[in-house]
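Have a look at this one before I ask anything.
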Amino acid sequence: MLRFLQWLARQELLLRALRPLFGRFNPFLPEHRRDPQSTWRALRAAGPMYRSRALGTYLCTGYDDVLEVLRSPHFSADRSAVPAMRWIARMARGEPDFAAMLERNLLTIDGEDHRRLRGLVAKAFTPRRVEKLRPRLTGVVDELLDRAAENGEMEIVRDLAHPLPVIAIAELLGVPDKDRDRFRAWSAALVQLLDPFQGRGGSPPLIRATKEIFTYFRPLLVERRANPRDDLLSAMIAAEQDGRCLDEVDLLALSSLLLVAGHETTSNLIGNAVLVLLRFPDERKRLQDDLSLLPLAVDECLRYESPIQLTDRAVVEDCELSGQPLRRNQMVAAVLAAANRDPAHFPDPDRFDVGRQENHHLAFGQGNHFCLGSQLAKLEAELALGALLRRFPDLSGSPEPPAWRRSMIIRGPEAVPLVLA
Ligand code: HEM
């Protein structure tokens, strides 16, 4: 099934022929990848809820509706009861590591299981622990830029945006430097957990990567249990709430999730941010002249070009949203990227403003599943953009990348070539 979906997502001619089935929303076409906001505007103009027959889901684009979907108990991140999603569970049959990974994947569970896991991991993954990474990550950004500066040009995704988040997660968890390349390969395979249409080869690469990650972390957990250090892995092992701790499978599933959730997303935030600064030179100059605006600018990049465009939920019981009756087990996609440009919520939403105040964007979601790594992602983006603008004030490049990621969920460039001098 997965292999078929991935194949279908690449058949442009067939997808164009199926236009009546896709209606206003065909996320697989290059025009959508180039300019998703045009699609979101068209859907918003058509009404608050858009039914995609081809994808078997409703899409909501308004800020308030998106908030409602993310916060209300009528909607669940657990899609396992939705008939059209059962193939995912079937993939896990006979694959204990992969099944465990799915069962404890924070992003797709809800209720007591989610509360328990999230409560424990949040005790370990604290703002203080993230802040402690600042000096080390500052050094890492400098090293990556030093290497690029030697050539007078760089490709942002390859040289900075892609390596930095993997190094950050490896540092955070406390895994040895020498294993970073393996992390990168695993993350590339696990990205299908965020967007099943991405990638090729169906489920085998995903299942293989999960097995390898679990095999890698099992002895490391034993070692950290015996000799705790000042790292997230040791802190997760020690975390305790109401007399309960994370067991081995919890820890394995969480480590894999942190790797994939923290890599692709942050990497695309940095790529998108550089592109958007190239597109709006006056805003870039404003930022360059006053780098204290960096935290606001990063939030504005998250709002303007949200790395996660949408997230979906299953309807738990019959209900209504913006006048649209919804039946149990129907799917609803909350389009974060559309909510982030909703004119009813953001004044002048299509204006990129590095000093935007009161920027309550939804790029990190909301409610019970609000991003656990938001602070780390912002820290990485601030360090990366700050260093880039300080060291290479005259950098130049095209604001249109050679290609965008082939994904309906993740928004980001495949590459961003820059001339530094
Ligand atoms: C720019 C970077 C990032 C963006 C845009 C982003 C976005 C999101 C969004 C939208 C969600 C909620 C998904 C939903 O409700 O279905 C989420 C959840 C999550 N994120 Fe992030 N994320 C980023 C970086 C990170 C980082 C760096 C980490 C960790 C190292 C991380 C770990 C997580 C985890 C564990 C969850 C699941 C939380 C839960 O379900 O309780 N994220 N993220």
Side-chain angles (χ1 to χ4, degrees), residues 66-72 75-79 101 104-111 113-122 124-127 129-130 133 137 161 164-173 175 183 187 190-191 193-195 231-233 236 250 253-273 298-314 331-337 339-340 361-385 407 409-412:
V66 167
L67 264 190
E68 173 76 8
V69 169
L70 298 179
R71 282 179 173 166
S72 157
F75 302 93
S76 172
D78 178 355
R79 297 91 160 159
M101 161 80 178
R104 322 256 172 133
N105 178 357
L106 274 181
L107 280 166
T108 52
I109 59 174
D110 250 324
D113 286 345
H114 179 263
R115 254 191 305 282
R116 178 187 72 86
L117 270 186
R118 171 125 188 169
L120 284 163
V121 70
F125 194 175
T126 58
R129 182 167 301 287
V130 171
L133 281 178
L137 294 185
L164 177 62
V166 178
I167 298 174
I169 296 160
E171 283 286 329
L172 180 76
L173 285 169
V175 303
F183 266 58
S187 169
L190 287 187
V191 73
L193 284 175
L194 296 184
D195 181 357
D231 58 35
L232 181 63
L233 220 44
M236 290 198 298
D250 294 334
L254 281 167
S255 305
S256 326
L257 175 64
L258 290 174
L259 173 60
V260 61
H263 184 199
E264 283 295 329
T265 47
T266 314
S267 163
N268 289 305
L269 165 60
I270 296 171
N272 289 343
V298 166
D299 269 316
E300 180 67 343
C301 292
L302 282 156
R303 183 192 74 84
Y304 197 84
E305 281 287 19
S306 308
I308 299 287
Q309 295 275 296
L310 58 88
T311 179
D312 51 24
R313 294 289 188 267
M331 294 292 289
V332 177
V335 187
L336 309 173
N340 285 340
H361 64 75
L362 301 179
F364 289 121
Q366 257 297 329
N368 293 343
H369 292 271
F370 182 81
C371 179
L372 261 176
S374 62
Q375 203 201 343
L376 176 59
K378 288 195 207 185
L379 173 65
E380 289 175 47
E382 281 173 35
L383 294 177
L385 293 180
S407 168
I409 296 193
I410 294 170
R411 165 81 170 157

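As the structure is a prediction and not an experimental result, all values here were calculated from the model. The analysis underlying the following values was restricted to heavy atoms, covering all of them including side chains, and did not include hydrogens, waters or symmetry mates. Note that ligands are numbered from 1 as they come in the structure, with each ligand's atoms numbered from 1 the same way.
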Fill in the blank from the handout: In this structure, atom 32 (C) of ligand 1 is nearest to the protein heavy atom Ala261 CB, 3.6 Å
Handout entry: Protein contact to atom 5 (C) of ligand 1 [nearest heavy atom, distance to 0.1 Å]
Key = Ala363 O, 3.6 Å
Handout entry: Geometric class of the His369/His114 ring pair [parallel <30°, tilted 30-60°, perpendicular >60°]
Key = tilted
Handout entry: Close side-chain approach of Leu232 to Leu258, heavy-atom, < 4.5 Å
Key = yes
Handout entry: Within-cut-off N or O pair, Arg118 and ligand 1, under 3.5 Å
Key = yes
Problem - Nitrogen or oxygen atoms of His369 and ligand 1 under 3.5 Å apart - result: yes
Problem - Nearest neighbour in protein (non-hydrogen) for atom 13 (C) of ligand 1 - result: Leu107 CD2, 3.7 Å
Problem - Any Lys378 heavy atom less than 4.0 Å from ligand 1 - result: no
Problem - Glu380 N/O to ligand 1 N/O under 3.5 Å - result: no
Problem - Nearest option to atom 43 (N) of ligand 1, as decided by whichever heavy atom of Ala77, Gly367, Cys371, Ala273 sits closest - result: Cys371
Handout entry: Closest protein heavy atom to atom 11 (C) of ligand 1, given as residue, atom name and distance to 0.1 Å
Key = Phe364 O, 3.8 Å
Fill in the blank from the handout: closest protein heavy atom to atom 23 (C) of ligand 1 is Thr265 OG1, 3.4 Å
Exercise for the section: Look at atom 28 (C) of ligand 1 and say which protein heavy atom is nearest, naming residue and atom and giving the distance to 0.1 Å. Expected result: Gly373 CA, 3.4 Å
Fill in the blank from the handout: For Arg313, the ligand 1 atoms with a heavy-atom partner under 4.0 Å come out as 14 (C), 15 (O), 16 (O)
Problem - Lys/Arg N to Asp/Glu carboxylate O, Asp113 vs Arg104, below 4.0 Å - result: no
Exercise for the section: Indicate yes or no: does an N/O atom of Leu106 lie under 3.5 Å from an N/O atom of ligand 1? Expected result: yes
